[in-house]
Novice: 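Got a structure for you, written out below as structure tokens; questions coming shortly.
Note that the coordinates shown come from a computational prediction; the quantities given were computed from them, not determined experimentally.
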Amino acid sequence: MSRNNCFDLLRLFAAVMVVVYHHAGFMKFPLENPGQWFPLDSIWVQMFISISGYLVTKSFITSKGFDQYMVKRCLRIFPAIFLCSFLVIYVIVPFWEKDVIGFITSEKTFKSFLNMALLHGINVGNAENPYGLRTLVNPPLWTLAYEFLLYICLGILMSINRTWISPAIMIALSIILCAGYADSLKNSYFYGVQYWTFLRLGINFYVGSLMFLTVDKWGGDKYKLTLASVCILVLYYLSGNVADVDMLGRVALSVLTILAGVTFATGIGSGKFDISYGVYIWSWPVQAVVVSMIKIDFWYSLALSLLIIFVISFLSRNLFEERFLKLKPI
């Protein structure tokens, strides 16, 4: 896959920003979140999802079919999740348990491990109180269930029609459903995935997909500048209209993210240094341990946490994840 972009760096930036704001939450540090001045929730997550929509669509186009595409998605997502879930539940959490052997050998603990590794839960119901905080031992993983389900939906849609029409229809459908059936969608779930949130994140994802499939139409500098200007104006206008910003704001944010990714090329964060995924899944357990055990000021605590997270993510990528990424799906 071509690296003539800065998507890896953008994903790393988004992952680090998630770490920063989670750390502020851990330590009750008064750090202003973009959501406080612009009512668009989970901005960093939306950046992630938008980039995934763009790159995963490219992955499907270069795959021989749905089966090969899904194998590649599974090899990218699940090995690291299984490793992270195992180490968190069976190595880190037991340090806070009175009955370590009982916890490790418990059927409830094993079920919690499977749920977390299979993106079906983020809590360990059998734990006493991990990190001295709560039983949600890795909350950021909630987004991966939504993202993986979007992978499946995209694969099915693209198997039927590989043109821009597929993501365009999904964007329109998601906006219409969210606008007209918000209450019922908020109370409906599948595999722990809330339909309301799934459709809203789907807007980001399918905008990324649509932009990949139409890059030949907007890829010129003049068109990119025009698109960026329009999106900035839309976001500026919507910043004072909370009721409208959630749908159109997502579209504008996603378009700006993709434009930034394709406009600037850098090798930073690519290949063996592409650790954004690792940063995302390893950050919370590391932060929880650091905050619970090392009592230092916020910025020093954050710096230490990031250092540890970067090291673990780099080792995970190069010593473990690469073994699966190099496998050639049939």
Novice: Go through it in stages, so that I can follow the logic: the residues are Phe48 and Tyr280, the test is ring pair (Phe, Tyr, Trp, His ring centres under 6.0 Å), and I'd like the CA-CA distance, side-chain angles, deciding distance and then a yes or no.
Specialist: CA-CA 10 Å; Phe48 257 110; Tyr280 195 76; 5.1 Å; yes

Novice: For Phe190 and Tyr195, what are the C-alpha separation, side-chain angles and deciding distance, and is it a ring pair (Phe, Tyr, Trp, His ring centres under 6.0 Å)?
Specialist: CA-CA 7 Å; Phe190 170 76; Tyr195 290 175; 7.3 Å; no

Novice: Quick check for you: to the nearest 0.5 Å, what is the distance between Glu321 atom CD and Leu75 atom CG?
Specialist: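 It comes to 11.5 Å.
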
Novice: List the steps, then state whether side chain to side chain contact (heavy atoms under 4.5 Å, CB included) holds for His120 with Leu114.
Specialist: CA-CA 8 Å; His120 196 215; Leu114 287 181; over 6 Å; no

Novice: Shortest non-hydrogen contact from Ile61 to Arg162?
Specialist: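 Here Ile61 and Arg162 meet closest at O-NH1, 3.7 Å.
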
Novice: Can you find a pair of side-chain heavy atoms, one from Leu173 and one from Tyr206, that are under 4.5 Å apart?
Specialist: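 Leu173 does not reach Tyr206 side chain to side chain.
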
Novice: Can you check whether Ser63 reaches Lys72 side chain to side chain, under 4.5 Å on heavy atoms?
Specialist: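 SC-SC contact between Ser63 and Lys72 confirmed.
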
Novice: Quick one: does any side-chain atom of Asn5 pair with a main-chain N or O of Phe7 as donor and acceptor, under 3.5 Å?
Specialist: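 Judged by distance alone, yes, a pair lies under 3.5 Å.
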
Novice: Starting at CG of Leu304, measure out to CD of Gln287 and round the result to the nearest 0.5 Å.
Specialist: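 So the gap between those two atoms works out to 11.0 Å.
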
Novice: Is it true that atom CG of Asp216 has more than 12 heavy atoms of other residues, nucleotides or ligands lying nearer than 6.0 Å?
Specialist: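 Atom CG in Asp216 is packed in, count exceeds 12.
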
Novice: How long is the span from the CG atom in Asn318 to the CZ atom in Arg323, to the nearest 0.5 Å?
Specialist: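 It is 10.5 Å, given to the nearest 0.5 Å.
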
Novice: Could you go step by step and tell me if Ser301 and His23 meet the side chain to side chain donor-acceptor pair (under 3.5 Å) rule?
Specialist: CA-CA 8 Å; Ser301 179; His23 213 77; 2.8 Å; yes

Novice: With a 4.5 Å cut-off on side-chain heavy atoms, are Leu154 and Ser209 touching?
Specialist: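 They are in contact (side-chain heavy atoms under 4.5 Å apart), so the answer is yes.
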
Novice: What distance do Ser316 atom OG and Ile281 atom CD1 have between them, rounded to the nearest 0.5 Å?
Specialist: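 Taking OG in Ser316 and CD1 in Ile281, the distance rounds to 5.5 Å.
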
Novice: Taking the six-membered ring for Trp, are Trp164 and Phe212 closer than 6.0 Å centroid to centroid?
Specialist: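 No.
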
Novice: Spell out, as yes or no, whether a donor-acceptor pair under 3.5 Å connects the side chain of Thr197 to the backbone of Gln194.
Specialist: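 Answer holds: no.
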
Novice: When the ring planes of Phe113 and Phe110 are compared, do they come out parallel, tilted or perpendicular, using 30° and 60° as the limits?
Specialist: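 Taking Phe110 first and then Phe113, their aromatic rings sit tilted (interplane angle of 30° to 60°).
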
Novice: Could you tell me if the side chain of Leu302 sits less than 4.5 Å from the side chain of Met27, heavy atoms only?
Specialist: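 Not touching, per the 4.5 Å side-chain cut-off.
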
Novice: Salt bridge (charged side-chain N to carboxylate O under 4.0 Å, His left out): which pairs involve residues 110-124, sequence neighbours left out?
Specialist: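 Output for this query lists Glu107-Lys111.
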
Novice: What are the two closest heavy atoms between Cys84 and Trp282, and how far apart are they?
Specialist: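 Scanning both residues completely, I find the closest heavy atoms to be CA-CH2, 3.4 Å.
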
Novice: Side chains of Lys326 and Glu322: does their closest heavy-atom pair fall under 4.5 Å?
Specialist: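 Yes, close enough: below the 4.5 Å cut-off.
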
Novice: Taking only residues two or more places apart in sequence or in another chain, which ones pass side-chain contact (heavy atoms from CB on, under 4.5 Å) with Thr263?
Specialist: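 For Thr263 the side-chain contact (heavy atoms from CB on, under 4.5 Å) partners, ignoring immediate neighbours, are Lys224.
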
Novice: To the closest 0.5 Å, what do you measure between CD1 (Ile171) and OG (Ser166)?
Specialist: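 Output value for this atom pair is 11.0 Å.
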
Novice: Between Phe26 and Trp284, is the ring pair (Phe, Tyr, Trp, His ring centres under 6.0 Å) condition met? List the steps.
Specialist: CA-CA 10 Å; Phe26 269 116; Trp284 185 280; 4.5 Å; yes

Novice: Write down the atom of Leu119, the atom of Ala145, and the distance for their closest heavy-atom approach.
Specialist: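 Scanning both residues completely, I find the closest heavy atoms to be O-CB, 3.4 Å.
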
Novice: Is the closest side-chain heavy-atom distance between Ile49 and Trp44 below 4.5 Å?
Specialist: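 No, too far: nothing below the 4.5 Å cut-off.
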
Novice: Please find the pair of heavy atoms, one from Ala117 and one from Ile81, that lie closest to each other, and give the distance.
Specialist: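 Taking every non-hydrogen atom into account, O-CG2, 3.3 Å.
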
Novice: Do Val124 and Phe103 have side-chain heavy atoms sitting under 4.5 Å apart?
Specialist: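 Of all side-chain heavy-atom pairs linking Phe103 with Val124, at least one is under 4.5 Å.
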
Novice: Would you check if Met47 and Phe13 make a side-chain contact, meaning some heavy-atom pair closer than 4.5 Å?
Specialist: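 Side-chain contact under 4.5 Å: yes.
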
Novice: Work out which heavy atom in Lys222 is nearest to a heavy atom in Thr226; give both atom names and the distance.
Specialist: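 For Lys222 and Thr226, the tightest heavy-atom pair comes out as O-OG1, 2.9 Å.
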
Novice: Tell me the closest heavy-atom pair linking Gly192 and Tyr146, and the distance in Å.
Specialist: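 Looks like O-OH, 4.1 Å.
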
Novice: For side chain to side chain donor-acceptor pair (under 3.5 Å), just list the numbers for Ser254 and Tyr54, CA-CA rounded to whole Å, side-chain angles, deciding distance to a tenth of an Å, and then say yes or no.
Specialist: CA-CA 10 Å; Ser254 297; Tyr54 188 93; over 6 Å; no

Novice: With rounding to the nearest 0.5 angstrom, report the CZ to CZ distance, Arg73 to Phe66.
Specialist: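 One finds 12.0 Å between CZ of Arg73 and CZ of Phe66.
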
Novice: Who are the side-chain contact (heavy atoms from CB on, under 4.5 Å) partners of Leu225, not counting sequence neighbours?
Specialist: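 Counting only residues at least two positions away or on another chain, Leu225 forms a side-chain contact (heavy atoms from CB on, under 4.5 Å) with Ser229.
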
Novice: Just by modelled atom types, is the Gly278 backbone N or O under 3.5 Å from a matching donor or acceptor in the Ser313 side chain?
Specialist: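 Yes; at least one donor-acceptor contact below 3.5 Å.
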
